[in-house]
Engineer: 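One structure, as C-alpha cells, below. Some questions next.
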Amino acid sequence: EEIHEVNGMVNVAILGFGTVGSGVAEVLTTNGGLIDQRVENLVRLKYILDVRDFPDSPYRDCFVKDFGVIESDPEVDIVVETIGGATVALDFTTRALKAGKSVVSSNKELVATHGYELLQLAREHGVSYLFEASVGGGIPILRPLTSCLAANELSQVTGILNGTTNYILTRMIKAGLTFEQALKEAQENGYAERDPSADVDGHDACRKICILAALAFGQHVYPDQVPTQGIRGVTLADVAYADSCGYKIKLLGRAIREREGKLCAFVAPHLVPASNPLSGVEDVFNAISVTGNAIGDVMFYGRGAGKLPTASAVVADVIDIAKDLKTARCAVWGPGSRDLVVSSDILSSRWYVRGTASMDKVRAAFGEISPLARGGAPAGETAFLTAPMTEPQVRARLEGMELHSLIRVLE
Ligand code: NDP
Ligand code: HSE
C-alpha cells in the first residue's frame, strides 16, 4: 500500500471493554499501521472506560473509571460507545457530543430509542454520530443504504437481523441441540445480548428494523410501534413441516412502504422459500434484502455478531471520522409520529398452520390448501399452507380449531 504522510494525532476513547469494545481495541492495534496510512493521521487509543479492572490487559495503562476524564480531555476526538443499553450509554453519548467529540456506537437500543435527538445534538455541535455496527454486525449496510442506494426510492427492507436466533435455529436443526444448549453456545461465542431474551423474543431485531426503516424511509420509528414476535414458539415440528415443502423458518424484520407515507414494520418468524437467498443464511450470519425502484433487489450478507466482525464496522466508522475531523458525518431522518406505522394485518400472504383438526374441517373453512406431512406426527395433528390472505382472515377461519403454530410465508 502507498505510504502517505502522517498529519497529526487522532485520539480515541472506548467506553465498555466487553466483547465489542475489546474487539475495537484489538483491531485498532493489530491493523494500526494500515489504519494510520489510510487515515493519514496517527489514530491512538488513549482511554478505555470500564467498571471492571483489567490488570493483565496489554491496554492496562489506558483504563479509567471516570467518564469525566474523557469528557474533559480536549485531546479526545472520537468516543466509541460499546457499553450497551439506553441509560448510562445515553448519558455518556450526550455528554461526549456536547463536549464536541464525535461518537461511534454499536448500540442499537440507544439508536432505536434516541437516535433522532442524538443525531440532532451531533449536528448542533458540528460532530459525527455514526453507528454502522448497530445493524448487521460486520455487514456494511447503513452506509450503502444511504449512499450507494441514494438514487432509489426504496419500497422494502427485509432482513435476518439477529445472529443469536439464527445461530440457535441452525444449531437446533443441524446439530440436534436443544434450545438451551444452542443459546449457551451463542452466549459463549459473544453473540447474545446481556439479557438474551432481547434476542430470543425479537427485541434486538426490532431495534435494528427501526434503524433501517428510519434510514430507508426518513422518519424515526420507535421500537414500541413495531409488533414483535421472537422464536420461542417455533418448534422442531414446525421446522420439519417447513422442510417438507422446501421452506426454512427464519426470524425476519420487515419494513414496507405503504400508501400516503405510511409504513408497515414488524418482526416475526417466517417460512422462507428455498428460492429466496435468505433461506440459505445460517449460523451467526445475517442478510438484509433491500428493494429500490432503480436497483430492484439487492442483498447484504455477512457475520451479524461477534467480537471482530462487529469491531470491523466500528473501526470503519472511526476511520471515516478520523480522515477528516472537521467535517461532521451524520445520517439524517425526521422525527417519528405516532400514526406512521400501520398494522401488518393489511398484508396478504400464504400462511403455515399447525393444529389439531380434521382435514375435512380444515377444507370446509379454507377451501384449497396444501396439506403437509412429517414423520412421527401425533394422531390428530394437522399442518397445511393456506392460499394468500390477511392475518385477520386466517384467524377467522381457524376459529374453533386447536391452533399450535401460525407462521407467515414470505412471498
Ligand atoms: P458486553 O456486555 O460484552 O460489554 C459491555 C461492557 O461495558 C462490559 O465490559 C461492561 O462491564 C461495561 N460496562 C457496563 N456498564 C458500564 C459503565 N457504566 N461504564 C463503563 N463500562 C461499563 O457487551 P457487548 O460488547 O456484547 O455489546 C456492547 C454493545 O454492542 C451493545 O449495545 C450490543 O447490543 C452491541 N452489539 C453487540 C454485538 C455482539 O456481537 N456482541 C454485535 C453488535 C452490536 P460489566 O460486564 O462488568 O458490566
Ligand atoms: N445480539 C445481537 C445478535 C448482536 O445476536 O445479533 C449483534 O447485534
Side-chain angles (χ1 to χ4, degrees), residues 13-26 47-54 57 59 63-71 79-93 95-96 104-114 131-139 141-142 159-170 182-183 185-209 211-212 230-231 251 253 267 281 283-288 302-315 317:
I14 296 173
L15 314 183
F17 195 65
T19 303
V20 181
S22 63
V24 171
E26 191 176 324
Y47 297 113
I48 301 175
L49 177 88
D50 202 284
V51 282
R52 284 178 290 157
D53 293 311
F54 296 85
S57 165
Y59 311 103
F63 279 92
V64 292
K65 287 226 167 70
D66 174 9
F67 177 69
V69 173
I70 296 168
E71 182 184 27
V79 170
V80 171
E81 187 274 297
T82 50
I83 294 175
T87 51
V88 71
L90 174 62
D91 178 37
F92 292 167
T93 302
R95 286 165 59 186
V104 171
S105 178
S106 59
N107 184 343
K108 51 267 161 151
E109 183 177 355
L110 187 60
V111 179
T113 48
H114 294 284
F131 35 83
E132 181 62 61
S134 66
V135 179
I139 305 174
I141 171 64
L142 302 189
I160 295 173
L161 300 173
N162 184 264
T164 299
T165 45
N166 207 47
Y167 183 85
I168 291 172
L169 288 172
T170 308
L183 172 58
E185 278 192 1
Q187 288 176 304
E188 284 164 1
N189 291 340
Y191 302 154
E193 294 302 301
R194 178 160 289 239
D195 173 2
S197 62
D199 300 292
V200 173
D201 294 323
H203 304 302
D204 180 73
C206 169
R207 293 162 186 154
K208 290 164 177 167
I209 199 68
I211 298 169
L212 289 166
I231 62 162
L251 182 65
V267 175
V281 176
D283 291 306
V284 72
F285 285 84
N286 285 189
I288 300 117
R303 287 179 197 279
K307 176 175 166 167
L308 292 180
T310 308
S312 160
V314 173
V315 176
D317 280 347

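Atom set for the values below is all heavy atoms of this structure, side chains included, hydrogens, waters and symmetry mates excluded. Start at 1 and go down the list; that is how both ligands and their atoms are numbered. The first residue of the sequence shown is numbered 1, and numbering continues consecutively from there.
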Engineer: Run through Leu110, Leu212, Asn107, Leu142 and flag the one making a side chain to side chain contact (heavy atoms under 4.5 Å, CB included) with Ser134.
Structural biologist: Leu142
Engineer: Excluding sequence neighbours, so at least two apart, what forms salt bridge (Lys or Arg N to Asp or Glu O under 4.0 Å) with Asp91?
Structural biologist: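 With neighbours one apart ignored, the set is Arg95.
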Engineer: Does the distance from a Lys or Arg side-chain N to an Asp or Glu carboxylate O, for Asp53 and Lys65, drop under 4.0 Å?
Structural biologist: yes
Engineer: Tell me the closest heavy-atom pair linking Leu49 and Phe67, and the distance in Å.
Structural biologist: CD1-N, 3.6 Å
Engineer: Output all residues satisfying salt bridge (Lys or Arg N to Asp or Glu O under 4.0 Å) with Glu132, sequence neighbours left out; order by chain, then residue number.
Structural biologist: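 Result, salt bridge (Lys or Arg N to Asp or Glu O under 4.0 Å) vs Glu132: Arg143.
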Engineer: Look at the rings of Phe54 and Phe63 and say which category their plane angle falls in: under 30° parallel, 30 to 60° tilted, over 60° perpendicular.
Structural biologist: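 The arrangement is parallel - the two ring planes meet at less than 30°.
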Engineer: Could you report the tightest heavy-atom contact between Ser106 and Thr82, atom names first, then the distance?
Structural biologist: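 Looking at all heavy atoms of both residues, the closest pair is OG-CG2, 3.5 Å.
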Engineer: Can you pull the residues with any heavy atom under 4.0 Å from ligand 1?
Structural biologist: Gly16, Phe17, Gly18, Thr19, Val20, Leu49, Asp50, Val51, Arg52, Thr82, Ile83, Gly84, Val88, Ser106, Asn107, Lys108, Ala133, Gly190, Glu193, Arg194, Ala305, Gly306, Thr310
Engineer: For Ala96 versus Val79, what's the shortest heavy-atom pair and its separation?
Structural biologist: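 Minimum heavy-atom separation between Ala96 and Val79: CB-CG2, 4.0 Å.
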Engineer: Taking non-hydrogen atoms within less than 4.0 Å of ligand 2, which protein residues qualify?
Structural biologist: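 Correct list: Lys108, Asn162, Gly163, Thr164, Tyr191, Ala192, Glu193, Asp199, Asp204, Lys208, Gly304, Ala305.
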Engineer: Nearest heavy-atom pair of Leu161 and Lys208: which atoms, and what distance?
Structural biologist: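 Closest heavy-atom pair between Leu161 and Lys208: O-NZ, 2.8 Å.
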